[in-house]
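Hydrogens, waters and symmetry mates play no part in the numbers below; they use all other heavy atoms, side chains included. For the single chain, residues carry numbers from 1 onward in sequence order.
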Amino acid sequence: MSEQSERIIERSTATAASPVKSVIRSRLFWPAAVLAVLLVANLAFTPDFFSVHLQGGHLYGSLVDILHFGAPLILVSLGMTLVIATGGIDLSVGSTVAISGALACLHISDSSDPGGVGTVLTALGIALGAALVLGTVNGVLVARVGVQPIIATLILMVAGRGVAQLITDGQIITVTSDPFKLIGGGYWLTMPFAILLSALVVLATVLLTRFTALGLLLESVGGNPVASRLVGIRAVRLVALVYVFSALCAALAGLMVSSNVSAADGNNAGLWIELDAILAVVLGGTSLNGGRFSIGGTVLGALIIQTLSTTVYTIGIPPETTLVFKAFVVIAVCLIQSPAFRAKLAARGTRTRRTTRSHAAGPTNREVGA
């Protein structure tokens with residue numbers, strides 16, 4: 001074969017491989033691949049894992065459960081994504097989850113008509129209004145006062161948990177309200193209402209950040225805050241708004257959590273959900289340094305965490321080793337996603353192939369002459 005023919009074959013091979021490389025380099029490829037592997041792995045323990053059936057006008061199945069129970073984490077992670085995009089962090093979302101659920105349940109339990117739609121709407125307004133105040137406090141501390149985000153939100157993380165327990169008086173407040181039950185444990189159009197609500201919030205966020213200039217402005221503030229301020233971007237206002245949005249998302253998640261169990265637990269509701277949210281954002285490909293962010297990746301990251309929890313319970317891993325198992329899986333996922341780690345593996349594989357070829361080719365001319 002001539003040298004020109006070899007070059008033509010190499011070019012055609014490279015052209016055919018380029019679409020595959022572009023897919024692999026996509027930010028969503030590795031989170032989607034890991035999620036698919038986790039889902040398929042469950043078939044070994046639950047043969048009907050992918051089955052979804054309709055019973056009593058409601059959809060049931062493991063896949064539906066993953067979306068249902070993962071809806072609060074998706075919402076919290078969504079708000080965390082925009083905060084991290086600006087170069088910040090929000091550790092107070094777990095406390096906001098607890099406070100919003102506690103306020104809503106307290107109002108419903110004290111009402112003379114706990115099953116009334118007006119009572120539930122008022123409870124929702126109180127919870128979301130409190131979240132608006134909490135998010136504003138975080139935003140002012142970070143954007144106006146200049147407190148580091150991890151310190152400003154850590155204050156509310158600690159104090160907010162105490163506030164939630166003061167609201168509930170250290171007790172678990174139980175409620176009986178069908179309209180309130182709809183938010184986290186009810187069904188609408190055969191689907192769990194929590195899935196539809198979280199999908200609506202995700203869709204609205206995508207429309208605002210990807211079809212308007214808002215997403216570009218957030219990435220500019222997170223990528224280079226000094227330059228963005230010099231070109232006239234109102235960074236202070238944007239940073240404050242993302243903390244308010246994060247608090248509102250956490251409040252919706254808190255309403256889902258308390259609605260699903262028809263109770264408010266100021267001590268355990270939303271406990272450590274901020275860590276799962278940060279992890280979901282990282283698994284989705286968003287850098288903690290700020291700048292570019294991926295909402296689709298965050299949703300996939302949250303589903304990975306929820307699927308991992310489901311897998312742990314399915315295969316019967318002891319509760320005391322659950323967190324250790326999840327830690328190892330998360331480390332493996334992060335390494336797989338790391339371009340630097342994959343580059344090192346590729347370089348090591350190239351060196352191994354070269355060594356193998358040199359040994360197979362026999363001694364060199366210099367070695368023969370010797």
Given side chains that start at C-beta, do those of [X] and [Y] come closer than 4.5 Å, heavy atoms only?
X      : Y      : value
Tyr60  : Val52  : no
Leu271 : Arg161 : yes
Met256 : Leu75  : yes
Val97  : Pro72  : no
Ser177 : Val120 : yes
Leu78  : Val299 : no
Leu300 : Leu283 : no
Ser246 : Leu82  : no

Starting at [atom1] of [X], measure out to [atom2] of [Y] and round the result to the nearest 0.5 Å.
X      : Y      : atom1 : atom2 : result
His58  : Leu189 : NE2   : CG    : 10.5 Å
Thr81  : Asp90  : OG1   : CG    : 11.5 Å
Phe245 : Leu238 : CZ    : CG    : 13.5 Å
His68  : Met191 : NE2   : CE    : 10.0 Å
Gln306 : Leu67  : CD    : CG    : 9.0 Å
Gln55  : Thr190 : CD    : OG1   : 13.5 Å

Please report the shortest heavy-atom distance between [X] and [Y], naming the atom on each side.
X      : Y      : result
Thr168 : Ala264 : CG2-O, 4.3 Å
Ala250 : Ser100 : O-OG, 4.2 Å
Ile108 : Ala123 : CG1-CB, 3.8 Å
Ser228 : Ser220 : CB-O, 3.9 Å
Trp188 : Leu196 : O-CD1, 3.3 Å
Ala127 : Leu255 : CB-CD2, 3.9 Å

Taking [Y]'s backbone N and O only, do any of them form a donor-acceptor pair with [X]'s side chain (distance below 3.5 Å, no angle check)?
X      : Y      : answer
Ser262 : Ser258 : no
Thr96  : Ala247 : no
Ser259 : Gly184 : yes
Thr119 : Gly115 : no
Lys181 : Asn260 : yes

Assess whether atom CZ of Arg144 is packed by more than 12 heavy atoms of other residues, nucleotides or ligands within 6.0 Å.
no
Taking CG in Asp178 as the centre, count heavy atoms belonging to other residues, nucleotides or ligands within less than 6.0 Å. Is the count above 12?
no
Identify each donor-acceptor pair in which a side-chain atom of residues 285-297 lies under 3.5 Å from a protein atom, sequence neighbours left out, and give them as a table.
residue	atom	partner	partner atom	Å
Thr286	OG1	Ser294	N	3.1
Ser287	OG	Asn289	N	3.1
Ser294	OG	Gly297	N	2.9

Taking atom types as modelled, find out whether Ser92 and Asn138 have a side-chain donor-acceptor pair closer than 3.5 angstrom.
yes
Please tell me whether Asp113 and Ser111 have a donor and an acceptor in their side chains that are separated by less than 3.5 angstrom.
no
Assigning hydrophobic clusters by single linkage (Ile, Leu, Val, Met, Phe, Trp, Tyr; side-chain heavy-atom cutoff under 4.5 Å), is [X] placed with [Y]?
X      : Y      : result
Tyr187 : Leu59  : no
Leu73  : Phe69  : no
Leu63  : Leu54  : yes
Val76  : Val261 : no
Val236 : Val142 : no

Evaluate the criterion side-chain hydrogen bond (donor to acceptor under 3.5 Å, both in side chains) for residue pair Ser77 and Thr298; output intermediate values, then yes/no.
CA-CA 7 Å; Ser77 302; Thr298 294; over 6 Å; no
Are Thr310 and Asp65 close enough, and set up right, to give a side-chain contact (heavy atoms from CB on, under 4.5 Å), and what steps lead you there?
CA-CA 9 Å; Thr310 302; Asp65 290 340; over 6 Å; no
Listed pairs under 3.5 Å, donor-acceptor, residues 150-158 side chains, sequence neighbours left out:
residue	atom	partner	partner atom	Å
Thr153	OG1	Leu91	N	3.2
Thr153	OG1	Pro149	O	2.7

Using residues 41-51 as the side-chain source, report each donor-acceptor pair under 3.5 Å to any protein atom, sequence neighbours left out, with the distance given to one decimal.
residue	atom	partner	partner atom	Å
Asn42	OD1	Thr311	OG1	3.4
Asn42	ND2	Leu38	O	2.6
Asn42	ND2	Thr311	OG1	2.9
Ser51	OG	Asp48	O	2.6

For a side chain to side chain contact (heavy atoms under 4.5 Å, CB included) with His107, tell me which candidate from Leu124, Ile173, Thr122, Val175 qualifies.
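It is Thr122, the one option of Leu124, Ile173, Thr122, Val175 that forms the side chain to side chain contact (heavy atoms under 4.5 Å, CB included) with His107.
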